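For the numbers below, each heavy atom of this structure counts, side chains included, while hydrogens, waters and symmetry mates do not. This one's a predicted model, so the numbers in the text were calculated from it and none came from an experiment.
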Amino acid sequence: MSRPALLTSAVTFGHLRRSFPVRPRAFASTSSKDGRAEVQGSGRRPINYLSHRTATTVHIPDKLRTDDMPAQVISGKEISAGIRAKLREEVQKMQEEVPGYRPGLAVVQVGNDEASNVYIRMKMKAAEEAGMNGRHIKMPQDTTQNELVTQINQLNADPGVHGMIIQLPLDTTQPIDSHLVLNTIDPAKDVDGLHDVNSAKLARGNLSDCFVPCTPRGCLELIKSTGTDVDGKNAVVVGRSKIVGAPMSELLTWNHATVTVCHSHTKNLDQVCREADILVVAIGRAQMVKGSWIKPGAVVIDCGINSIPDATKKSGKRLVGDVDYPEALEVASAVTPVPGGVGPMTVAMLMQNTVENAQKALQKYKASVWNISYLPLRLKTPVPSDIEVATAQTPKNVDDLAREIGLQPHEVDLYGKKKAKVSLSVLERLKDVPNGKYVVVTGITPTPLGEGKSTTTIGLTQALGAHLKKNVFACVRQPSQGPTFGIKGGAAGGGYSQVIPMDEFNLHLTGDIHAITAANNLLAAAIDTRIFHESTQTDKALYGRLVPTKDGARKFSPIQMRRLEKLGITKTNPDDLTEEEVADFARLDIDKSTITWQRVMDTNDRYLRKITIGQSPTEKGITRETNFDITVASEIMAVLALTTSLADMRERLGRMVVASDTKGRPVTADDLGLGGALTVLMKDAIRPNLMQNLEGTPVFVHAGPFANIAHGNSSILADKIALKLVGPNGFVVTEAGFGADIGMEKFFDIKCRYSGLVPHVVVLVATVRALKMHGGGPKVTAGAPLPREYKEENIGLVEAGCSNLRKQIENALHFGIPVVVAINGFATDTESEMQAVIKKAKEFGAFDAVICSHWANGGAGATDLAQAVERASQQSSDFHFLYDVKLPLEEKIEAIAKKIYGADGIELSEQAQAAINRYKSQGFNDLPICMAKTHLSLSHDPERKGAPTGFTLPIRDVRASVGAGFIYPLVGTMSTMPGLPTRPCFYDIDLDPDTEEVKGLF
């Protein structure tokens, strides 16, 4: 038969086949003394082959060789070097696309087996040469199975690990099930291809969706390197191990060879082998396969590595394969040497599997469109109640939704089937992914009925996702149960633009508000308890209880070390403090008149607006007047919304100021020893809650701070995670509470200041109803029928009320962001009225103004709005804050009053000025401002509609939320505990005992 000669080497890399030149590294000469062929290479010891024929190292043939030509020595070392060079190039390309991105390979070893140590060093060196991040996790011999499984699961969850292998055998003194351990590896990271899932996919021929074990894959590359076309060839695999033999036979089968698998029970093994065009041997017996077993011209791949005695070697032994190599050279057309054949290819394929997986991960990061299934809407006219619409839709299981949007299983903790917590680790995994477009939904000054910002937020995301096929996330606040059972109802949107399941959204959700209640009230209890103990104990007794002796020694806890540092005490031994230092450390000396921290509960209860505590005889007459707030008014809720990490939340919670001491110094949660405990109570609440809307696009529901005494926006963390998940071509739509003068201004000046995020578009929601009110229409009262002026066409009223629209557009433009006006249409609105609004909005500087019908039509009713938002997001912007935080507090307050509200100036009460002076002296001047005023007017007077001018804004008091990070001036009286009306919503709420469906929520 004719035989091919060496020219180039072709290597299959992923879906590409690449060629590279190979220089001959050895040459053959024949000794005149004994006729042996001596193969030599530059700088190498001669290798003698007991053969009268010359063996030549060759790689990729392009023509057939003749019978008198020598067998090709398939150098795995040379071919693998070419593969590894290409891998380096691929890694460099990935790093050019995303700086800092590196494929990660983790090798887990148990014990200290020396052979394993050698193999691992080889793998780590290969990873380093390829530019990969190699990690060797070495565990002790006494590692238990549970400890090993835990370690593997940690690596499964590590986004920096793209490939993981368990080094076998396990050198352990403990009973460990290797099969269980291998199957603990995430199949998507199982670069050794040994997981049952990958084995099954290989067996079924699903080669594009599985990892092929490294040795078989390397063997196939070696076979192809000879120019042999596997298709139709007779292949014999000697050995059936799970690591080599079995997967090798399956790989050859799916490359269209006719495969025979031989093993220790095979009859006439030599005869079977002689039928093979391709012979792969992995039997573990030294030089078992003789030349007489090999079909002339066959390709022989020797996977064995065995040690045999050799007196000529310093070690007294040498390595050989399962094939008698000198004899194989006499018969085969090509044969792999041992060492230097299959071994280097196994390592190269391990690197290749890992790099290819990292490439897949990178493509997922950069994927422009999710593979998401949308939920069809079955619209009805008239539109049923919100709860009827919500329960008529069948939501997707949230784990399915999580997969669709690119979340990994370990990043999602399910709370039932329809909601889940999402890990903050997503931010680390996607840190190199560019953010999507950031859109904030706000509104004109509303009527007491609200103008549909939440509904518009959801409708817009349904339109962007289900209709324009964009990656899109809605990020909304979690509603308080107070209004849900009071008069306002829920906050899931409305009509055919809602978050679902609506009942779960509006009620307990995942317990975040309950966690805030528990943390808040623990701090409240600690304040009064500390006052009690300080009033009933001496300095020495108090100090002794705060720093007790344990096991004969006393030491400060970490949180007490924080207090020492704050006090300027550098001593660390509790026994070294002076009496004065002991008193300063032990006594907070809280001035009860300055306590600002209240107890909370998530229920509207007017009778808790003022209470007296400490009336039990056990409290020894230490009483004080206080009150309850509703939970969402707690500073801890604002902390949750503004925190950027778990560590940041710990610091914010610790520095919350609850009072001042008798010397005027701030008393913090850390002073009370509580910062760490509060963080523990909040550790789950910090993770955003994943839900969906009626058309199946994702929604983050997280945090729900008041929009008056706090900033009224959902969490920074939810926005940040969503912006990474949607990618650079996607959209994140979030809502700011109340009108643009309140929620939007705080979104920009507080939330964006702390998050560092830059918004792209403002969506300003307006209704004909609200504009008529601002134009002089009759008073609108919640629960009362609308006057006829709001049901009949009156373009004059609408145009007069557009003064408020003008001012709110102007307010958005103060920050340099384009504005799209969304006219939330009602059945009573006329086309002429809405066209009048469009005309005015554009005159006032809006980028566009669009009529929407998402309440009645879902996303289809907001597609025009979505397209306008997309166009606006492509406009250049000049985002900037309204004021410099370094300005004095008074000037920052005045800037908001003049520029946003239209006031002539501000008037500070004596109480307000004293508070400002106190906060300045305490070092809080540089905090941003969070104005607490009515949402029903641009001014401080809720009866003044439109765009009032010629007024001075009165500042009654100024308070601080130091942990959250803002100062909040009080304009008028702010109620932080709502009451229940005569007929609350709960009259209509019930549960069907048969279906367990909630009835009556809205």
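Partners of Asp400 under the salt bridge (Lys or Arg N to Asp or Glu O under 4.0 Å) rule, at least two apart in sequence or in another chain, are Arg403.
Atom CG of Leu148 and atom CD of Gln109 lie 11.5 Å apart (nearest 0.5 Å). Rounding to the nearest 0.5 Å gives a distance of 12.0 Å between CG of Asn146 and CD of Gln151. Separating the CG atom in Asp684 from the OG1 atom in Thr510 is a distance of 8.5 Å, to the nearest 0.5 Å. Rounded to the nearest 0.5 angstrom, Asp209 CG and Asn198 CG are separated by 8.5 Å. Considering CG of Leu170 and OG of Ser178, their distance stands at 4.5 Å, rounded to 0.5 Å. Considering CZ of Arg204 and CH2 of Trp254, their distance stands at 10.0 Å, rounded to 0.5 Å.
The closest donor-acceptor contact from the side chain of Asn306 to the backbone of Gln287 lies at 3.5 Å or more, if one exists at all. Although no hydrogens or angles enter the test, the distance criterion places no donor-acceptor pair under 3.5 Å between the side chain of His263 and the main chain of Gly239. A donor-acceptor pair under 3.5 Å is absent between the side-chain atoms of Asp322 and the main chain of Asp302, judged by distance alone. With hydrogens and angles disregarded, no donor-acceptor distance shorter than 3.5 Å links the side chain of Thr226 to the backbone of Leu222. Counting only distance, with no hydrogens or angles, the side chain of Thr172 and the backbone of Gln141 share a donor-acceptor pair below 3.5 Å. No donor-acceptor pair closer than 3.5 Å links the side chain of Asp432 to the backbone N or O of Val98. A donor-acceptor pair is defined here as one N or O able to donate and one able to accept, closer than 3.5 Å; such a pair exists between the side chain of Thr184 and the backbone of Leu180. No donor-acceptor pair closer than 3.5 Å links the side chain of Thr346 to the backbone N or O of Cys214. In this structure, Trp370 contributes its side chain and Leu725 its backbone to a donor-acceptor pair below 3.5 Å.
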Going by atom type alone, with no hydrogens or angles, which donor-acceptor pairs under 3.5 Å involve a side-chain atom of residues 127-135 and a protein atom two or more places apart or on another chain?
residue: Glu129; atom: OE1; partner: Arg84; partner atom: NH2; Å: 2.7
residue: Arg135; atom: NH1; partner: Asp158; partner atom: OD2; Å: 2.6

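Counting heavy atoms from C-beta on, the side chains of Val422 and Arg687 never come closer than 4.5 Å. Under the 4.5 Å side-chain criterion, counting only non-hydrogen atoms from C-beta, Pro213 is in contact with Leu202. Between Ser208 and Asn206, the closest side-chain pair of non-hydrogen atoms falls below 4.5 Å. Within the 4.5 Å cutoff, side-chain heavy atoms of Thr215 are placed close to those of Cys219. Side-chain contact between Val732 and Asn435 is absent, with no heavy atoms from C-beta onward closer than 4.5 Å. Using a 4.5 Å heavy-atom threshold, the side chains of Tyr438 and Val726 count as separate. At a threshold of 4.5 Å between non-hydrogen side-chain atoms, the residues Ile83 and Met345 count as touching. Using a 4.5 Å heavy-atom threshold, the side chains of Ile372 and Leu401 count as touching.
Test Ile721, Val699, Asp512, Val426 against Pro688 for side-chain contact (heavy atoms from CB on, under 4.5 Å) and you get one pass: Ile721. Considering Lys421, Lys419, His702 in turn, Lys421 is the only one that fulfils the side-chain hydrogen bond (donor to acceptor under 3.5 Å, both in side chains) rule with Asn689. The side-chain contact (heavy atoms from CB on, under 4.5 Å) test with Val191 is passed by exactly one of Thr354, Val355, Val212: Thr354.
Heavy-atom minimum distance, Ser714 versus Asp719: OG-OD1, 4.0 Å. Contact between Val244 and Pro216 at its shortest, heavy atoms only, is O-CG, 3.7 Å. Nearest heavy atom pair, residue Val701 against residue Met691, reads CG2-SD, 4.0 Å. Closest non-hydrogen pair, Gly163 versus Val161, comes out as O-CG1, 3.3 Å. Taking both residues in full, the closest heavy atoms of Thr143 and Ile176 are given as O-CD1, 3.6 Å, listed atom of the first, atom of the second, then distance. The two atoms that bring Met94 and Pro103 nearest to each other are CE-CG, 3.5 Å, heavy atoms only.
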Stepwise, does the salt bridge (Lys or Arg N to Asp or Glu O under 4.0 Å) test hold for Arg121 with Glu114? CA-CA 11 Å; Arg121 283 195 293 271; Glu114 187 52 39; 3.6 Å; yes

Checking salt bridge (Lys or Arg N to Asp or Glu O under 4.0 Å) for the pair Glu221/Lys224: CA distance, chi angles, key distance, verdict? CA-CA 5 Å; Glu221 295 296 336; Lys224 290 180 178 180; 5.2 Å; no

Ile165/Lys123 under side-chain contact (heavy atoms from CB on, under 4.5 Å): CA gap, chis, key distance, verdict: CA-CA 11 Å; Ile165 66 170; Lys123 293 165 185 173; 3.6 Å; yes

side-chain contact (heavy atoms from CB on, under 4.5 Å) between Cys303 and Val280: does it pass, once the steps are laid out? CA-CA 7 Å; Cys303 301; Val280 182; 3.9 Å; yes

Applying side-chain contact (heavy atoms from CB on, under 4.5 Å), run through Asn183 and His195 and close with a yes or a no. CA-CA 5 Å; Asn183 279 289; His195 193 288; 3.3 Å; yes

Begin with the C-alpha distance, continue with both residues' side-chain angles, and end with the deciding distance and a verdict on side-chain contact (heavy atoms from CB on, under 4.5 Å) for Arg102 and Val91. CA-CA 7 Å; Arg102 296 178 70 192; Val91 172; 5.6 Å; no

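Residues Glu356 and Gln352 bring a donor and an acceptor atom of their side chains to less than 3.5 Å of each other. For the residue pair Thr643 / Asp648, a side-chain donor-acceptor distance below 3.5 Å is found, with atom types taken as modelled. No side-chain donor-acceptor contact under 3.5 Å links Asn156 and Gln408. In summary, the side chains of Asn729 and Asn471 do not present any donor paired with an acceptor at a separation below 3.5 Å, with no hydrogens or angles considered.
Listed by first then second residue, pairs satisfying salt bridge (Lys or Arg N to Asp or Glu O under 4.0 Å) with a partner in residues 166-192 number zero, not counting sequence neighbours.
In Tyr119, the OH atom is not crowded: 12 or fewer heavy atoms of neighbouring residues, nucleotides or ligands sit closer than 6.0 Å.
In summary, Lys93 and Glu96 do not engage in a salt bridge, as defined by a charged side-chain N under 4.0 Å from a carboxylate O.
Classified by interplanar angle (parallel below 30°, tilted 30° to 60°, perpendicular above 60°), the ring pair Tyr101/His162 is tilted.
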